[in-house]
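Inspection log for the structure reproduced underneath, given as structure tokens.
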Amino acid sequence: MSQEFQAPRGFHDIFGEDLKKFRHVSDTVRKILKSYNFEEIILPVVEFADLFERSIGEATDIVQKEMFVFEDKKGRRLALRPEGTAGAVRAYIQNRLFAERPYHRIFYEGPMFRHERPQAGRYRQFHQIGAEIFGADQPVADAEIIKISDEIVKALNVKARIEINSLGCKVCRPAYREALVGFLSGVSEKLCDVCKDRKERNPLRVLDCKVETCKEAVKEAPRTTDYLCEECERHYSEVKRLLDSLGVSYVENPHLVRGLDYYTRTVFEVVSEELGSAVIAGGRYDHLVEEFGGPSAPALGFAVGVERLALLVEVPKEEEPVYFLIPFGDVIPYALKVAEVLRAKGKTVELSLRKGNLRKQLDFANRRGFKYVVIVGEDEMKEGVITLKDMETGEQVRIRAEEVE
RNA sequence: GAGGGUGUAGCUCAGCUGGUAGAGCGGGGGACUGUGGAUCCCCAUGUCGCGGGUUCGAGUCCCGUCACCCUCCCCA
């Protein structure tokens, strides 16, 4: 067999066991979100490129080198979405959801695209489930979002720790940034080459660097939390107090900054030690809706990395039994009738297309792991019955299809 | 985008310093046309990722390319 085509780098077919894990993650997350009454919205995969450029930030890596950008026939710059929040904000404004009621909880699920080098748990097309709350400035909303993340990893039985931080707001962030830049120029020689560059472009990210010398250099750096204005401080304390009362365990990471420009105040990540990366992450973005021409609507949200979680989960085995129907001899029309009767009773029935004698058929059924086999031969047809065999016990009975329980 | 590794049958992998393809598992057929998990026999596993070069001769050496894995950058 010579093969002409393969999927492009970073694009994957998801099937078999992987798909079972994928669905398990997705179903679990959706169930939890629905229990909080989040409403689903299906968002387009393509948006105008500048939607992402202006929300995520021109200087970020996602925008600078990871976006799939292309032109339509009229020369407009479109992009495959690299994340979901920007599109959700656009939809919130465009559909005037803010006019319906003071706040909104929505969620969406689907593929995201980033043009980067694939690695374990990282693909060019990957899937996220994102949830957003629009029109809420209360700390309880932050606590709720983080609590949901905690519920998700617990429900999936995944080991992960929650890290939180506060980045401050329009009022306190500039002062902090200035202090940080000042500090960084002082330790400039100790920083790695990447960080020397980052210091100018995106100074907050230096705090996040994994190079040992940088970690060391940055130990005494000013912390975002030391520069919070009174309101941000109060907000952050309240979020923590609520998390404590909910029994959600977390660690404060003053160096957690996140890579997207739109974040304000609370940011958080749910980090898997095993993967060494975040499986859920999010935060507050209080000005984005307004910046995009909507009303003043403080908002927050998070995104769940479905593939990353799928790498970490075990799928519970509780599949419904499948009836494997073996027609034997010249009985196809009768066999089809039998299948119809069983399906009408809610059973899952697979008609065997395997050729060969009964022994082969049973051998095949055994290897496929079917719980039940239904044998329909000429004898059965004559009497209007079926032979139902339990493959685990080996017991079998001759009954009418209508009598199957 | 940078660095390293890998690519041989459906899967897991052998194949020594160049001499024209192997094993196990899996698959198909049979022993055995109405009763599975066992055993035995037989069969096919294939453009050795793809393209070029060196050579009398390339799975093996060289170059390019594509994909995957790992590290970095960054992120879910």
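As the structure is a computational prediction, the values presented were derived from the model and not from experiment. Throughout, a chain's letter reflects where its sequence line sits, starting with A, and its residues are numbered from 1.
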Listed nucleotide nearest any side-chain atom of A:Q119, set B:rA76, B:rC70, B:rG34:
B:rC70
State whether A:E350 and A:R368 are salt-bridged, where the test is any N-O pair (Lys NZ or Arg NE/NH1/NH2 against Asp/Glu carboxylate O) under 4.0 Å.
yes
Gap in Å between the two C1' atoms, one belonging to B:rG24 and one to B:rG15, rounded:
15 Å
Under 4.0 Å between a side-chain N/O of A:N357 and OP1 or OP2 of B:rG34, yes or no?
yes
Using the ring of A:Y236 (Phe, Tyr or Trp, six-membered ring only), decide whether A:K240 places NZ or CZ under 6.0 Å from its centre and within 45 degrees of its axis.
yes
Residues A:D390, A:K371: salt bridge by 4.0 Å N-O rule:
yes
Let's test this: given Watson-Crick or G-U wobble pairing with both distances under 3.5 Å, identify the partner of B:rG22.
B:rC13
Heavy-atom donor-acceptor pair, A:E380 side-chain to B:rG34 base, under 3.5 Å
yes
Ranking A:A303 and A:T393 by the position along RNA chain B of their nearest nucleotide, the one closer to 5' is A:T393
For atom C1', what is the distance between B:rC48 and B:rU20, given to the nearest Å?
12 Å
Which base sits across from B:rA2 as a Watson-Crick or G-U pair, both distances under 3.5 Å?
B:rU71
Under-3.5 Å donor-acceptor pair between A:N366 side chain and B:rG36 base:
yes
Side-chain donor/acceptor of A:R96 to backbone N/O of A:I93, under 3.5 Å:
yes
Give me the distance, rounded to whole Å, that separates B:rU12 from B:rU55 when you measure between the P atoms they each carry.
37 Å
Taking the side chain of A:K389 as heavy atoms from C-beta outward, which of B:rC73, B:rU35, B:rA76 is closest to it?
B:rU35
Given the structure, check if the side chain of A:Q396 and the base of B:rU35 hold any donor-acceptor pair shorter than 3.5 Å.
yes
Taking atom C1' of B:rA76 as reference, at what distance in whole Å does atom CZ of A:F126 sit?
5 Å
Out of B:rG29, B:rC73, B:rG27, which nucleotide sits closest to the side chain of A:R367?
B:rG27
Return the pairing partner of B:rG7 with a 3.5 Å limit on both distances, Watson-Crick or G-U wobble; otherwise return none.
B:rC66
Decide if the gap between the ring center of A:F38 and the ring center of A:F107 is smaller than 6.0 angstrom.
no
Ignoring backbone atoms, establish whether A:R368 has a side-chain N or O less than 4.0 Å from OP1 or OP2 of B:rG36.
no
Looking at the side chain of A:L358, which of B:rG34, B:rC73, B:rA2 is the nearest nucleotide?
B:rG34
Integer-rounded Å distance: B:rC11 C1' and A:F15 CZ:
12 Å
